[in-house]
Amino acid sequence: MSTDFQTARVALGARLRELRSEAGLNGKGVAEALGWQRSKVSRLETGKQTPTVSDLMEWSRAVGRPDVATELRGRLVGLESQYRSWRRQLAGGHRARQELAVTVTTSTRLIRGVEVSRIPGLFQTADYARHTFEANAEFRRIPRDIEAAVRARLRRQETLYETGKLFRFVVWEAALYVLTCPREVMAAQLDRLAGLIGLDTVEISVLPLGAQLRRAPGHGFWIYDRRRVIVETINTEMWLDDEENVALYERAWDLMAEAAVRGPQARRLIGRARASLELD
């Protein structure tokens, strides 16, 4: 979990503890008033657990301060607007998140991205996307609205051909060899990726495995104009829109891009990965 997120959660916990102390209550008293386990009170106050809106409303009533309910809810919204758990986002399947991606992409002129283990969603074939969603649905044990999600992902790709937009992506060479789908599907995906090179709205760079780097690729991220960065972890999607974080990820993108190759060199690396599939 992000240090920034944890710091904010600890601060929220400290505020809960402050309100309890001002009410002259100890942890046991609050737990009894709310019908909670004492351990839950402790986890919330120490920032080890993220409270729900309901938790905060009940807490404000238990300490006799219903007037702070709005403040506490605002603090929680601030956390969740930046750190969105996949459990909540994908509770009904993939489609809703893909529809959101269409909206965010449509309203953006410049998208810069780094991917280290997969082909960027904007460049995926239907079959590759289908296998990606299937695997994720199985891993997360969520509803399988696969075809609806694939259709939304492909609709998002229509923006690749819009005048005035620019998509600049760095793909680590290793991602060209990660097989999360059958070999024939990967072959078609690599053909698709190579075919996009030369499109005036798309710049695809490949970061060679043997490139000299000033910074090693850590994880994938996408920068939307200069207003937002989206980063995915296993359990959380982070939406970072403060100037400091945007600038930090811009520097990371620049360092990856300076070591990457593009044009014919990128196409050769993609072709080498394609040849390694050894299809009949």
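Side-chain atoms are counted along with the backbone in the values below, which use heavy atoms only and exclude waters and symmetry mates.
Judged purely by distance below 3.5 Å, without hydrogens or angles, the side chains of Gln98 and Arg156 never pair a donor atom with an acceptor atom. Residues Ser85 and Gln89 have side chains that never bring a donor and an acceptor to within less than 3.5 angstrom of each other. With 3.5 Å as the limit, one finds a donor-acceptor pair spanning the side chains of Arg227 and Thr108.
Of the charged side-chain nitrogens involved, at least one lies within less than 4.0 Å of a carboxylate oxygen, so that Arg118 and Glu232 count as a salt-bridged pair. Ion pairing between Asp191 and Arg274 holds under the 4.0 Å rule for side-chain N and carboxylate O. Salt bridge present: Glu71 and Arg75 bring a charged side-chain N and a carboxylate O closer than 4.0 Å.
Ring centers of Phe169 and Trp222: under 6.0 Å apart, within the cut-off.
In this structure, Arg84 is positioned above the aromatic face of Trp239, its NZ or CZ under 6.0 Å from the six-membered ring centre and within 45° of the axis.
Not counting sequence neighbours, Glu158 has no partner by the salt bridge (Lys or Arg N to Asp or Glu O under 4.0 Å) test.
The two residues Arg109 and Asp225 make their nearest non-hydrogen contact at N-OD1, 3.2 Å. Across every non-hydrogen atom of Ala23 and Val63, the tightest pair is CB-O, 3.5 Å. Closest approach of Val170 and Ala257 over heavy atoms only: CG2-CA, 3.9 Å.
For the pair Met186 and Leu277, the minimum side-chain heavy-atom distance is below 4.5 Å.
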